[in-house]
Amino acid sequence: MQNAVELRQVYKQYGSHPAVHDMTLHIRMGEVFGIVGPNGAGKTTLIEMIEGLRTADSGDIIVLGLDVRKQAKAIKQRIGVLLQSTSIPDKARVGEVLALFSSFYPSPMDRGQLSRFLNLEDKMNEAVKSLSSGWKQRVSLALALINNPDIVFLDEPSMGLDPNARKEMWAMIHRMKEEGRTIVVTTHYMEEAQTLCDRVAVINQGRLIAVDTPRKLIATLGGTKRISFKAANQMSKEALEALTGVVSLEWGGDYAGLNSNDMDQTLKGLFQLAADEGWTVSELRLEDGSMNEVFTQLTDQGKKVSV
Ligand SMILES: Nc1ncnc2c1ncn2[C@@H]1O[C@H](COP(=O)(O)OP(=O)(O)OP(=O)(O)O)[C@@H](O)[C@H]1O
C-alpha cells in the first residue's frame, strides 16, 4: 500500500542553523504517527514542511503520492491541519466559523455530521471567544476535518487542556483513526505518545534518532521497570538501594518504589531481604518502563543512541 507520507533526505536550515537534518522516514496509511522531541528539536519545521507551509532546502517530500514542491495545492485539499485556536475569528459563532471554512472547499464534510462527531451541536450558536479551551480545541479540530481529509496534522493537540479534555481529545483522535484517516501528531506528553500512537519518531537537534512502536521503543530503551509495594517500618532504605538491579529508590508515604534494570534479580533480593529483616512484601505492583524513560534516554543532554 502507498505510504501516506514519505520523506527522503529532507534538509532545512534557518540562516546557518540546521533545523531538520537529512530526515528520511515514512508514515503509513491509517496509522497514528507521533513526533516527539525536546523544544527546538525541529518538530514544527518538519510537520510544516510536510503540510507545504515551509519549503525544504533539499530532499523530497511525497504526500499521498504527490510531490509537495509541485502539487502543494492538490495536497492541501486532502489534508487537515489543526490551527492554533488563536487563528480562529473568535467573535463569530461556532456555526458561522464552520460555514465559512466549509465554503473554502469544493466538497466539504456535512456540517451536521461533523458537529455530531465532535459533540458540538449544542455550541453552534455560541461565540468562539466564550468557549473554554477544551471546546475551542474541538472547534479547531472540526475545522481540521472540514474538508474530509485523508491525513490530519495535529501540532500539540492537547497543550493547555485539563486531563479530562485531554482524554476526550484522545478519544476523538481514536475515532478519526477508526474512520480510516492517517493522523500525524506532535506532542510533549509522553503518555499521549504511548497511549495514542501506533509508531513514534523521536527527533533531537533536527535529526531522527529512533522510530518504532511505543512498545518496541520501551522494550529497547525504557530499560528500567518499577516495583512498588507497601512500606514497612522495619525496612532498611540502604539495603533496598543495594539490591541487585536497583537504579533508584522512591519513598513516598506508605509506599516504596524500586526502579530496576533487572526485575527478576531485584524481586528475588526483595523477598530475601524481607525474610531477613522480618517484614512482608504486600500490595506488590510491577510496572513496565515508559515512553518518558525512552525520551530521556534518547534526548538527555543531546545524547544520541541508534535504534
Ligand atoms: N522561522 C524561523 N526562523 C529562524 N529559526 C527558526 C524558525 N523557526 C524555527 N526556528 C529554529 O529552528 C529550530 C527548530 O524549531 P522548531 O520550531 O521546528 O522546533 P520544535 O521541535 O517544534 O520546538 P517546540 O517544541 O519548542 O515547538 C529551533 O532552533 C528554532 O529556534
Side-chain angles (χ1 to χ4, degrees), residues 5-27 32-61 63 68-69 72 75-76 79-88 133 136-137 140-141 144 151-161 166 169-170 173 182-197 199-212 214 217 221 290-305 307:
V5 177
E6 278 182 39
L7 272 79
R8 295 183 210 121
Q9 293 190 301
V10 173
Y11 185 89
K12 168 88 177 168
Q13 65 181 38
Y14 299 111
S16 60
H17 174 74
V20 170
H21 220 289
D22 276 344
M23 188 84 66
T24 296
L25 64 82
H26 65 273
I27 298 171
V32 180
F33 188 85
I35 302 173
V36 304
N39 289 125
K43 302 179 294 294
T44 303
T45 303
L46 177 66
I47 207 169
E48 291 194 353
M49 286 192 294
I50 302 171
E51 293 162 1
L53 298 174
R54 300 192 200 195
T55 318
D57 296 335
S58 58
D60 297 316
I61 303 177
V63 179
V68 168
R69 268 179 222 285
I75 293 172
K76 283 197 181 115
I79 65 171
V81 176
L82 184 77
L83 298 169
Q84 298 299 316
S85 52
T86 45
S87 10
I88 303 175
S133 28
K136 274 191 188 144
Q137 196 67 326
S140 301
L141 201 52
I151 310 179
V152 188
F153 292 91
L154 308 172
D155 200 357
E156 302 191 31
S158 51
M159 190 170 60
L161 299 187
R166 185 172 302 162
M169 172 60 75
W170 294 355
I173 294 174
T182 305
I183 322 282
V184 183
V185 55
T186 71
T187 182
H188 282 291
Y189 300 111
M190 291 306 111
E191 192 198 348
E192 181 161 276
Q194 190 170 336
T195 314
L196 262 189
C197 298
R199 291 191 308 140
V200 177
V202 185
I203 67 173
N204 193 21
Q205 297 173 2
R207 291 178 192 271
L208 178 67
I209 304 178
V211 55
D212 216 324
L217 288 172
L221 295 157
S290 69
M291 275 301 294
N292 260 325
E293 285 176 71
V294 172
F295 185 80
T296 311
Q297 273 268 91
L298 288 173
T299 59
D300 207 9
Q301 290 150 10
K303 188 165 78 178
K304 295 188 183 79
V305 183
V307 184

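Residue indices begin at 1 and follow the sequence shown. Read the numbers this way: they start at 1 and go in the same order the structure lists the ligands and their atoms. Keep in mind that this is a model prediction, so the values were computed, not measured.
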Query raised in the report: How far does CZ of R54 sit from CD of E48, to the nearest 0.5 angstrom?
Result: 4.0 Å
Query - Heavy-atom pair with the smallest gap, counting every atom of V20 and L46 - result: CG2-N, 4.1 Å
**Report entry** Closest candidate by heavy atom, reference atom 17 (O) of ligand 1, pool D155, T44, N204
**Finding:** T44
Query raised in the report: Hey, does V152 have a side-chain heavy atom less than 4.5 Å from the side chain of V184?
Result: no
Query raised in the report: What atoms of ligand 1 come within less than 4.0 Å of a heavy atom belonging to A41?
Result: 19 (O), 20 (P), 21 (O)
Requested in this report: Grab the two heavy atoms, one from P157 and one from T186, that are nearest each other, plus how far apart they are.
Outcome: CD-O, 3.5 Å
Report task. Provide, to 0.1 Å, the distance between atom 25 (O) of ligand 1 and the closest protein heavy atom, together with that atom's residue and name. Result -> K43 NZ, 2.7 Å
Report task. Tell me, please: is P38 in heavy-atom contact with ligand 1, that is, under 4.0 Å? Result -> yes
Query raised in the report: What's the shortest distance from atom 19 (O) of ligand 1 to any protein heavy atom, and which residue and atom give it?
Result: G42 N, 3.1 Å
**Report entry** Modelled atom types, side-chain donor and acceptor of Q9 and Y11, under 3.5 Å
**Finding:** no
Query raised in the report: atom 16 (P) of ligand 1: which protein heavy atom is closest, and how many Å away?
Result: T45 OG1, 3.7 Å
Query raised in the report: To which protein heavy atom is atom 23 (O) of ligand 1 closest, and what is the distance rounded to 0.1 Å?
Result: G40 N, 2.8 Å
Query raised in the report: So is H188 close enough to ligand 1, meaning a heavy atom under 4.0 angstrom away?
Result: yes
Report task. Quick one: pull up CD1 in I35 and CD1 in I50 and give me the separation to the nearest 0.5 Å. Result -> 5.5 Å
Query raised in the report: How about atom 31 (O) of ligand 1: does it have a protein heavy atom within less than 4.0 Å?
Result: no
Query - Donor-acceptor pair between E192 and T187 side chains, under 3.5 angstrom - result: yes
Query raised in the report: Looking only at protein heavy atoms, which one is nearest to atom 6 (C) of ligand 1, and how far off is it?
Result: Y14 CD1, 3.2 Å
Query raised in the report: Do E6 and T24 have side-chain heavy atoms sitting under 4.5 Å apart?
Result: no
Query raised in the report: Closest non-hydrogen protein atom to atom 29 (O) of ligand 1, residue and atom name please, with distance?
Result: H17 NE2, 3.2 Å
Query raised in the report: Of the protein's non-hydrogen atoms, which lies at the shortest distance from atom 8 (N) of ligand 1, and what is that distance?
Result: R54 NH1, 3.2 Å
Query - Short side-chain to backbone donor-acceptor contact, K12 and T55, under 3.5 Å - result: yes
Query raised in the report: Do any N/O atoms on G37 end up under 3.5 angstrom from N/O atoms on ligand 1?
Result: no
Requested in this report: Among all protein heavy atoms, pick out the one at the shortest distance from atom 26 (O) of ligand 1; state its residue, atom name and that distance to 0.1 Å.
Outcome: N39 ND2, 2.9 Å
